[in-house]
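Computed from a predicted structure; not experimentally measured.
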Amino acid sequence: MTAQVVTRTHRRRGLLAAAAVTLLIAAGCSDESTSDQSATTTPAGAEPSAEMDSGVAQRLDDAIDATMKKTSVPGAIVGIWGPDGTYVKAFGVADKSTDAPMKTDFHTRIGSLTKTFTATAILQLVDEGKVGLDDPISKYIDGVPAGDQITIRELARMQSGLANYSESPEFQQAFFADPKAPFTPQQLLDYAFAQPATFPPGQGFQYCNTNYVLLGLVVEKESGLSLPDYISERILQPLHMEKTIFPTTNAFPEPHAQGYTVQTADGKESTATDWDPSWGWAAGAMISTLEDMHIWGPVLATGTLLKPETQAQRLETVNAPGYPADVGYGLGVFDIAGWIGHNGSLPGYQTVTVYLPEQKTTLVIMINTDIAYEGSEPSTQLAAAITEIISPEHVYRLSAAEPSPETTTPEATTQSTEPTR
């Protein structure tokens, strides 16, 4: 909501939220959409289904093509699974220099969807009695400003008031100097803690990557495992999500698309495919596939890995000023008009993974750009166009004049200003 640069400073804040909108001429958002039924494994909580009605599928094809052309998205992968049928297709190109097509089995960087895994890890530790949601972060991590007043719950629900390290000018200078350079969690916290708090703990809402770096450190301290190992052993392996990884370098499994961004030092378009995601760490470093996100969507929304009472607390959302009334943020999860899940964005890539319990339907969108269109994230535009067709009473919509749940600064309404959202 997971997880933005508009003058040079604003655009960087957008990486790191996003940048002034530069429209791309997207290479063919194809009439030659390809279907791949290999990505249709039925996860827990989902309904097995046949292919979607051809008339509905054609409406989806047309809406996705039109939205991609409007927003200049080079390539997209879309999956829908539910009682009304299955729809799995790739559109457009994975590489604008070669016109190589997008394919449904590609790996992609999922940005702030990483937060859903970090939050799930914390909540598993809550179920085990190792962490308390209302414990102060100072119980686990030393040196946090006002750490005796900020709770685990407030961190997970973006109510800590801590400064967002990815909005720090010092961080942005270091990042843009070498986007392939690694960062440690402590370096990220140092950038954050050098900035003043934005509000007293619990008295506001700000989407903030700093919160999730702290939560990742709590997971490591209380589990005795590294965060990548914990997520692999306790979440990915039990769910057989074999193509999802938490990278510790800029390594990117094949096959994957090239990712396009204008979150750069000069604001010019660049390929961000091999940039190091360590700056996002527990807030945005992970990689996954359509098939694995199909598994994760209903698990996340229904609480398969948690006690029912813990999942209920996860789904207790808060609303933020400036967001539509039907948008709320819980513990590492959002609810947009009944769609429960998260989005992710970092330079070159955006992903949406959501589940609609009322219709037992999962929607996954993966695109290879984060370049905004008229102040809106292109993945949000696609999600709105799709849900207008498949769930007209539950449209994934955010006002074009306001930030998505992934962005929290006014500048982000032009194009987000954090590397991950």
Side-chain angles (χ1 to χ4, degrees), residues 1-29 60 62-76 78 91-93 96 111-112 207 259-264 266-270 272 320-327 334 336-337 339 343-352 354 365-389 395-421:
M1 205 157 148
T2 160
Q4 318 183 353
V5 195
V6 213
T7 65
R8 183 166 300 186
T9 301
H10 289 167
R11 186 181 307 123
R12 290 180 180 175
R13 198 171 335 154
L15 175 170
L16 289 168
V21 179
T22 299
L23 297 182
L24 301 178
I25 304 301
C29 297
L60 288 167
D62 294 344
I64 292 167
D65 272 331
T67 304
M68 289 177 65
K69 290 171 182 174
K70 178 180 72 173
T71 59
S72 298
V73 170
V78 177
F91 298 78
V93 299
K96 296 198 292 182
S112 284
Y207 191 86
Y260 301 95
T261 189
V262 292
Q263 295 196 66
T264 56
D266 59 7
K268 295 180 180 179
E269 184 183 327
S270 180
Y323 291 94
D326 61 356
V327 175
F334 66 62
I336 296 181
W339 287 96
N343 54 354
S345 178
L346 75 173
Y349 301 92
Q350 291 188 343
T351 299
V352 173
V354 287
I365 300 167
M366 295 174 159
I367 62 175
N368 61 338
T369 183
D370 69 314
I371 300 172
Y373 169 75
E374 296 186 352
S376 178
E377 294 181 338
S379 59
T380 297
Q381 293 273 321
L382 279 166
I386 290 167
T387 55
E388 284 173 354
I389 295 170
V395 178
Y396 182 110
R397 180 177 287 123
L398 296 157
S399 171
E402 295 166 353
S404 86
E406 282 284 279
T407 61
T408 54
T409 62
E411 293 84 356
T413 66
T414 303
Q415 174 154 334
S416 57
T417 47
E418 298 178 24
T420 187
R421 302 184 292 292

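Atoms OG1 and OH, from Thr387 and Tyr396 in turn, are 9.0 Å apart once rounded to the nearest 0.5 Å. The structure places OG1 of Thr369 at 11.0 Å from CD of Glu377, a figure rounded to the nearest 0.5 Å. Considering OG1 of Thr261 and CG of Leu346, their distance stands at 8.5 Å, rounded to 0.5 Å.
Gln350 pairs in a side-chain contact (heavy atoms from CB on, under 4.5 Å) with only one of the listed residues (Asn368, Ile367, Ile371), which is Ile367.
Under the 4.5 Å side-chain criterion, counting only non-hydrogen atoms from C-beta, Phe334 is in contact with Asn343. Within the 4.5 Å cutoff, the side chain of Arg397 has no heavy atoms near those of the Pro324 side chain. With a 4.5 Å cut-off on side-chain heavy atoms, Leu382 and Met68 count as touching. Ile386 has its side chain within reach of Ile365: a pair of non-hydrogen atoms, C-beta onward, lies under 4.5 Å apart. Considering only heavy atoms from C-beta on, Phe91 stays 4.5 Å or farther from Val73 through its side chain.
Between the side chain of Thr67 and the backbone N or O of Ala63 there is at least one donor-acceptor pair closer than 3.5 Å. Of the possible donor and acceptor atoms, none in the side chain of Tyr260 sits under 3.5 Å from a partner among the backbone N and O of Tyr349. Asp326 places no side-chain N or O within donor-acceptor distance of the main-chain N or O of Ile336, the cut-off being under 3.5 Å.
When all heavy atoms are compared, the tightest approach of Val93 to Lys96 is CG2-CG, 4.1 Å. Taking all atoms of both residues into account, the shortest heavy-atom contact from Ala272 to Pro347 is CB-O, 3.4 Å.
A salt bridge is absent between Lys70 and Glu374; no separation between the charged side-chain nitrogens and carboxylate oxygens falls under 4.0 Å.
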